[in-house]
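This report concerns only the one structure given below.
No experiment lies behind these values; they were computed from the predicted model shown.
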Amino acid sequence: MTDFQFMQKAQPTVALFVSDLHLQAALPRTTAAFLAFLQSHATRTQQLYLLGDIFEYWAGDDDLVTPYNQQIADALKALQAQGVELFWMAGNRDFLVGQDFARAAGLTLLPDPHVITAAGRTLALAHGDAQCTDDQAYMAFRAQVRQPAYQQQFLAMPLAQRKAIIEGIRKNSQDANQSKEMAIMDVNADAIAALFAQTGTDVLIHGHTHRPALHRLADGKLRYVLPDWEYDVEAPRGGWISLTADGVLHRHDVSGDEIA
């Protein structure tokens, strides 16, 4: 029996939190791992929170015509049909997910940031990219593409054209990131402090940075960072955070075992 299975037996799981899977057809092992997660661990929780960059990119809800995207939506819908509540927060890769996808997948769209109360705990949830304020070039890009007028104009383009534009943006971003200092692409301490003040919480869960950790801040606040998922490599990585009925948050590694 794994640590996770023992914990499940000892305390029911109230919520699971995952982010940064970057799902795409080109990563079949990562996809299989996520589908297995939905069919096992996720069936034993009350709520599942998907905190951004679940897809590598999302060109618009009309891309549900793609069999791969429909497969993911169907898997989420099947989980919701088993009584699990599903919640989705936009990431920097899939912020164009809309109500059509939400209906197809049986989930509720959340704003970023968002505050929940569960198992006697009040938690702030965010994707995390909005707090990477030292990366001024990205913040300018983010401000542009999050504008409703920009999105409306973009979504009016043919799907194939949108995908080509996104592919170009992804390549440019990869090239630009190679010349950036790692610290610039991490969250800014002042932005995190502002988020805590905005939400009035003492615990934050976010993703985006691909630097899984539990940060115990000087003022007693806790910042949990979710891992990204990548199973199509020699050393797979991934994991999630669970909240059990006793109000305790647990970090889990790629195998589902608890991280001490």
Side-chain angles (χ1 to χ4, degrees), residues 17-28 30-35 37-38 42 48-80 86-114 125-130 132 138-139 141-174 177 206-210 226-232 238:
F17 307 87
V18 299
S19 71
D20 298 278
L21 283 86
H22 296 272
L23 293 175
Q24 52 185 306
L27 299 179
T30 304
T31 302
F34 179 60
L35 295 176
F37 167 80
L38 293 181
L48 173 62
Y49 290 86
L50 305 162
L51 299 184
D53 286 3
I54 304 305
F55 287 104
E56 170 65 6
Y57 72 89
W58 190 256
D61 284 2
D62 53 339
D63 204 9
L64 273 167
V65 298
T66 301
Y68 179 85
N69 293 339
Q70 188 64 61
Q71 176 190 19
I72 301 302
D74 288 346
L76 291 169
K77 185 69 172 180
L79 179 63
Q80 187 255 354
L86 277 64
F87 301 92
W88 179 288
M89 180 176 288
N92 54 294
R93 300 297 188 103
D94 51 17
F95 58 86
L96 288 175
V97 159
Q99 291 296 339
D100 287 345
F101 177 82
R103 282 189 290 270
L107 51 83
T108 300
L109 302 181
L110 299 178
D112 182 358
H114 183 70
L125 309 178
H127 177 59
D129 63 320
C132 295
Y138 170 70
M139 294 304 292
F141 171 78
R142 186 182 191 278
Q144 177 185 17
V145 300
R146 295 301 181 99
Q147 294 178 5
Y150 178 94
Q151 294 183 10
Q152 183 178 9
Q153 182 180 16
F154 182 77
L155 291 172
M157 299 178 183
L159 180 59
Q161 182 180 0
R162 277 178 268 149
K163 289 186 173 183
I165 292 173
I166 290 172
E167 186 58 37
I169 292 173
R170 289 170 63 202
K171 185 179 186 305
N172 291 338
S173 176
Q174 291 170 356
N177 287 345
H206 73 84
H208 179 67
T209 65
H210 300 191
L226 289 160
D228 66 313
W229 288 41
E230 173 62 282
Y231 284 69
D232 293 81

According to the interplanar angle, ranging from 0 to 90°, do the rings of Tyr49 and Phe17 count as parallel (below 30°), tilted (30 to 60°) or perpendicular (above 60°)?
-> parallel
For the residue pair Phe55 and Trp58, categorise the inter-ring angle as parallel (less than 30°), tilted (30 to 60°) or perpendicular (more than 60°).
-> tilted
Rounded to the nearest 0.5 Å, what separation is found between the CD1 atom of Ile54 and the CG atom of Leu107?
-> 10.0 Å
From CA spacing to verdict: side chain to side chain contact (heavy atoms under 4.5 Å, CB included), Phe95, Gln151 = CA-CA 10 Å; Phe95 58 86; Gln151 294 183 10; 3.8 Å; yes
Any Asp94 side-chain heavy atom under 4.5 Å of Asp53 side chain = yes
Measure the CG-CH2 distance between Asp20 and Trp229 for me, rounded to the nearest 0.5 Å.
-> 11.5 Å
Please name the pair of heavy atoms, one in Ala75 and one in Leu35, separated by the smallest distance, quoted to 0.1 Å.
-> CB-CD2, 3.5 Å
Distance col, row Leu226:CG vs His208:NE2, nearest 0.5 angstrom, shows 13.0 Å
In short, Leu64 meets Ala73 closest at the heavy-atom pair CD2-CB, 3.9 Å
Answer whether the closest heavy-atom distance between the side chains of Phe154 and Val145 falls below 4.5 Å.
-> no
Short side-chain donor-acceptor distance under 3.5 Å, Asn92 and His127 = yes
How close do Tyr231 and Thr30 get, heavy atom to heavy atom, and via which atoms?
-> N-OG1, 2.9 Å
Measure the shortest side-chain to side-chain distance between Glu56 and Leu27 over non-hydrogen atoms and say whether it is less than 4.5 angstrom.
-> no
To the nearest 0.5 Å, tell me how far Phe87 CZ sits from Thr108 OG1.
-> 5.5 Å
Apply the test side chain to side chain contact (heavy atoms under 4.5 Å, CB included) to residues Leu50 and Leu76: give CA-CA distance (whole Å), side-chain angles for both, the deciding distance (0.1 Å), then the verdict.
-> CA-CA 11 Å; Leu50 305 162; Leu76 291 169; 4.0 Å; yes
Taking every heavy atom of Gln99 against every heavy atom of Asp61, the minimum-distance pair comes out as N-OD2, 3.5 Å
Mind running salt bridge (charged side-chain N to carboxylate O under 4.0 Å, His left out) on Arg146 and Asp129 for me, showing each step along the way?
-> CA-CA 12 Å; Arg146 295 301 181 99; Asp129 63 320; 3.7 Å; yes
Just wondering, more than 12 heavy atoms not from Gln152 lying within 6.0 Å of its CD?
-> no
Go through Ile169 and Tyr57 one step at a time and tell me if the side chain to side chain contact (heavy atoms under 4.5 Å, CB included) criterion holds.
-> CA-CA 11 Å; Ile169 292 173; Tyr57 72 89; over 6 Å; no
Where is the tightest heavy-atom contact between Ala105 and Leu86, given as atom of each residue plus distance?
-> O-CD2, 4.0 Å
List the steps, then state whether side chain to side chain contact (heavy atoms under 4.5 Å, CB included) holds for Asp112 with Leu51.
-> CA-CA 9 Å; Asp112 182 358; Leu51 299 184; over 6 Å; no
Shortest non-hydrogen contact between Leu79 and Leu38, atoms and distance | CD1-O, 3.6 Å
Separation between CG of Asp63 and CD of Gln70, rounded to the nearest 0.5 Å = 10.5 Å
Salt bridge flag under 4.0 Å for residues Arg162 and Asp62 | yes
Atom NE2 in His22, atom CG in Asp232: separation rounded to 0.5 Å?
-> 13.5 Å
